[in-house]
S.K.: 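This structure is in structure tokens; I'll ask about it shortly.
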Amino acid sequence: MFESIDRETESELVDTIDRDRLTDHVDQLAKLTRHSGSGGERAGTDYVVEQLREYGVDVDYNEYETYISNPEDAAVTVTAPTEWTVPDDEVITVAFGGATPPAGVHGEVVYIPNITDEALGALDLSGKIALTSGLPTPGPVEKLAEADAKAAIFESPTEGHCHEMIVTPVWGTPGIDDESRIHSLPVVEVSQSAGERLRAQIERGPVGAAVETSVTTDRFDLPCPVGKIEGSESDRYCVIGNHVDSWYEGVTDNATAVAVTLELARVFAERDERPRRGLLFGFWTAHSFGRYAGSTWFVDNSFSDLRENGLAYIHLDLNGLTGAERLWYQHMGAVEDEHLDTLAAVPDLKLPEGPDESSVLGDDRPGRNSDQSFWGAGLVSLLSGARLAPETSVGGPVGGGWWWHTPEDTRDKVDPDVLVEETKLYAALAARICESPIPPFDHAESAAAIVEVIDDLEFEHPILSDLRERAADVERTIAEANRIADARAEDPVVASAAEELQVELGNCLVPALYKARPNHQHDRALPQGRLPGIAAVGDPNKRSGRAGLFAETSLRREKNRVEDLLRESRNLAESFVDEHGE
């Protein structure tokens, strides 16, 4: 952790956070159903722009064309051996699911507990309707579409509720290379009671059913307001983002995060002095209906500037949850120490206790979710806040409350005290990034993470040993650069050079660790960890014949990509050491 971090400004900012303003923003947005492409979404973004301008924040009220999907109606009717219909309030369809003909699609229902390659390989799903458990997500839906299933029925993981979902794996507006991933499989989610009844029937013998879905998927023109506060000493900036669109009223997902972002913009804008570095406030649309299309559009249209000047991306989501007392976090290694220090020092909320509670959503590294569209642009990414226990009756599937992605996400689900504490957290994080003499990013940890991931792989390979050694060398070189930068942070020339180094290292090491596709493209919305390109190839020795050759070739190419970024990182850090070392 750097010693030369500004931890004083945050106290000033925290003291000016206004609880009443936060709750007033929530009240205004709670009146709106903000489905993408709707008047409610437009009214929400208009409100955002009005508030930002009132605070004196510069606003770009962008308009963009994108491809989104609105799920409408669904029905499931069992036709054999006895006819019955799933109640209307116990079945929904999904964004980017296929739309059926008016009479629906018909077929035998086959129960598959877990959608795996092995399970699908043992079945012939052609012309059949697959029944499985859990939330409808892109991975299993894509596998079922590839298996030529006629439709898919998912049994909700939450008793009494169906959760709205989006099943496209394409991140943002599709390019021509993504068009083939837009499938036409009709997908529905049914209640647990309906799923249990179906499964019981299947155990007794063949079951036939009809699935009907109505989904509108098309091009839409959407707003995307972005506010900006210019830095007083630097063109660099921190991006703070949320999503304006929601399922239904979506008060905790995501009106509360919009409210927090507006309050952050106010407290920074109304200070006597502008921050050393700037702040950019993104109010993304088409998060839930276009797979993060708003943030993706922004990155696509600001890519060069983000790579040159962007420092970090802080995503705000699911804030102010009633009953939430324990903090949850995800962050890249470069910001881990500072993030954890802020979590411990600022909000009056409990930190996780023990390794099993380090992250209620799984890994403590950012995943392919939550508008994480900035990795190719090289921005260090982090997100955190208060959460409930996931996969429980109170926390729901993901820890966002049992009401997550349902019509029950209403104003009564907000705890203003939690909302204020989370706002303090984000104000402190932004202050440390924007006001410290040098940005508080330790990219030696980014290089160390490459070593860690290689050590944790389930296979060994000579070229990966070489990559590991290079990463370890980069870690040592960046650590020396950090030592010099921290010791000489009060020297404006050194501080400016260190800031430049931080941005350039982010441009190299963030994509090296988190990307599989080229920087200017977006990886798909499928589960992936660090060094995803190498992990996707796996052990070439487990393949035979030409498959082994092809895997060996892919592994070498991905190793070359990461190695090239490591080489550039070392050169950058070494140049800084040579120029500014004592």
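Bear in mind the structure is a predicted one, so any value in this text is a computation, not a measurement.
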S.K.: Determine the interplanar angle of the Tyr47 and His25 rings, folded into 0 to 90°, and report it as parallel if under 30°, tilted if 30 to 60°, perpendicular if over 60°.
M.R.: perpendicular
S.K.: Check the surroundings of atom CD in Glu391: do more than 12 heavy atoms from other residues, nucleotides or ligands lie under 6.0 Å from it?
M.R.: no
S.K.: Looking at every non-hydrogen atom in both residues, tell me the closest pair between Val215 and Ser69 and how far apart they are.
M.R.: CG1-OG, 3.2 Å
S.K.: Donor-acceptor check, side chain of Asn242 to backbone of Leu316, threshold 3.5 angstrom: yes or no?
M.R.: no
S.K.: Using ring centroids (six-membered ring only for Trp), state whether Tyr292 and Trp284 fall under 6.0 Å.
M.R.: no
S.K.: Restricting to non-hydrogen atoms, name the atom on Ile240 and the atom on Tyr313 that form the minimum distance, rounded to 0.1 Å.
M.R.: C-CE1, 4.3 Å
S.K.: Could you list the residues that satisfy salt bridge (Lys or Arg N to Asp or Glu O under 4.0 Å) with Arg219, not counting sequence neighbours?
M.R.: Glu65
S.K.: For the residue pair Phe298 and Phe374, does the interplanar ring angle fall in the parallel (under 30°), tilted (30 to 60°) or perpendicular (over 60°) class?
M.R.: tilted
S.K.: Under the rule for side-chain hydrogen bond (donor to acceptor under 3.5 Å, both in side chains), what residues qualify as partners of Arg42, not counting sequence neighbours?
M.R.: Glu63
S.K.: Would you say the side chain of Arg34 lies within less than 4.5 Å of the side chain of Leu29, judging by non-hydrogen atoms?
M.R.: yes
S.K.: Considering residues at least two apart in sequence or located in another chain, which fulfil the ring pair (Phe, Tyr, Trp, His ring centres under 6.0 Å) criterion with Trp375?
M.R.: Tyr514
S.K.: Search all heavy atoms of Asp415 against all heavy atoms of Leu321 and return the closest pair with its distance.
M.R.: CB-O, 4.1 Å
S.K.: Please determine whether a side-chain nitrogen of the Lys or Arg among Arg517 and Asp178 lies less than 4.0 Å from a carboxylate oxygen of the Asp or Glu.
M.R.: yes
S.K.: Which residues pass the side-chain hydrogen bond (donor to acceptor under 3.5 Å, both in side chains) test with Lys413, not counting sequence neighbours?
M.R.: Thr410
S.K.: Could you give me the CA-CA distance, side-chain angles and deciding distance for His520 and Phe303, then say whether ring-ring contact (aromatic ring centres under 6.0 Å, His included) is met?
M.R.: CA-CA 8 Å; His520 59 281; Phe303 189 77; 7.1 Å; no
S.K.: Can you confirm whether more than 12 heavy atoms, excluding those of Asp88, are under 6.0 Å from its CG atom?
M.R.: no
S.K.: Going by ring pair (Phe, Tyr, Trp, His ring centres under 6.0 Å), name the residues that satisfy it together with His339, two or more places apart in sequence or in a different chain.
M.R.: His331
S.K.: Does Asn114 have more than 12 heavy atoms from other residues, nucleotides or ligands lying within 6.0 Å of its CG?
M.R.: no
S.K.: I'd like to check Phe289 versus Asn70 (side-chain heavy atoms, cut-off strictly below 4.5 Å). Are they in contact?
M.R.: yes
S.K.: Applying side-chain hydrogen bond (donor to acceptor under 3.5 Å, both in side chains), name anything that partners Asp317, two or more places apart in sequence or on another chain.
M.R.: His243, His315
S.K.: Please report the closest heavy-atom contact between Ala147 and Leu125, naming both atoms and the distance.
M.R.: O-CB, 3.8 Å
S.K.: Identify, with sequence neighbours excluded, every residue that meets ring pair (Phe, Tyr, Trp, His ring centres under 6.0 Å) alongside Tyr64.
M.R.: Trp297
S.K.: Which heavy atom of Pro416 sits nearest a heavy atom of Arg19, and at what distance?
M.R.: CB-NH2, 3.4 Å
S.K.: Taking only residues two or more places apart in sequence or in another chain, which ones pass side-chain hydrogen bond (donor to acceptor under 3.5 Å, both in side chains) with Thr173?
M.R.: Thr66
S.K.: Would you please name every residue forming a salt bridge (Lys or Arg N to Asp or Glu O under 4.0 Å) with Glu72, sequence neighbours left out?
M.R.: none
S.K.: Between Asp245 and Thr285, does a side-chain hydrogen bond (donor to acceptor under 3.5 Å, both in side chains) hold up when you go through it step by step?
M.R.: CA-CA 5 Å; Asp245 63 304; Thr285 48; over 6 Å; no
S.K.: Suppose we screen for salt bridge (Lys or Arg N to Asp or Glu O under 4.0 Å). Which residues come up paired with Glu41, at least two apart in sequence or across chains?
M.R.: none
S.K.: Could you pull out all donor-acceptor pairs under 3.5 Å where a side-chain atom in residues 186-195 meets a protein atom, sequence neighbours excluded?
M.R.:
| from | atom 1 | to | atom 2 | distance (Å) |
| --- | --- | --- | --- | --- |
| Glu189 | OE1 | His163 | N | 3.4 |
| Glu189 | OE2 | Ser156 | OG | 3.4 |
| Glu189 | OE2 | His163 | N | 3.1 |
| Ser191 | OG | Glu90 | OE1 | 2.5 |
| Ser191 | OG | Ser193 | OG | 3.1 |
| Ser191 | OG | Ala194 | N | 3.2 |
| Gln192 | NE2 | Ser156 | O | 3.3 |
| Gln192 | NE2 | Pro157 | O | 3.1 |
| Ser193 | OG | Glu90 | OE1 | 3.1 |

S.K.: Taking the side chain as C-beta and beyond, is there a heavy-atom pair between Trp402 and Ser393 under 4.5 Å?
M.R.: no
S.K.: Going by the rule ring pair (Phe, Tyr, Trp, His ring centres under 6.0 Å), which residues pair with Tyr111 if we only count those two or more places apart in sequence or in a different chain?
M.R.: none
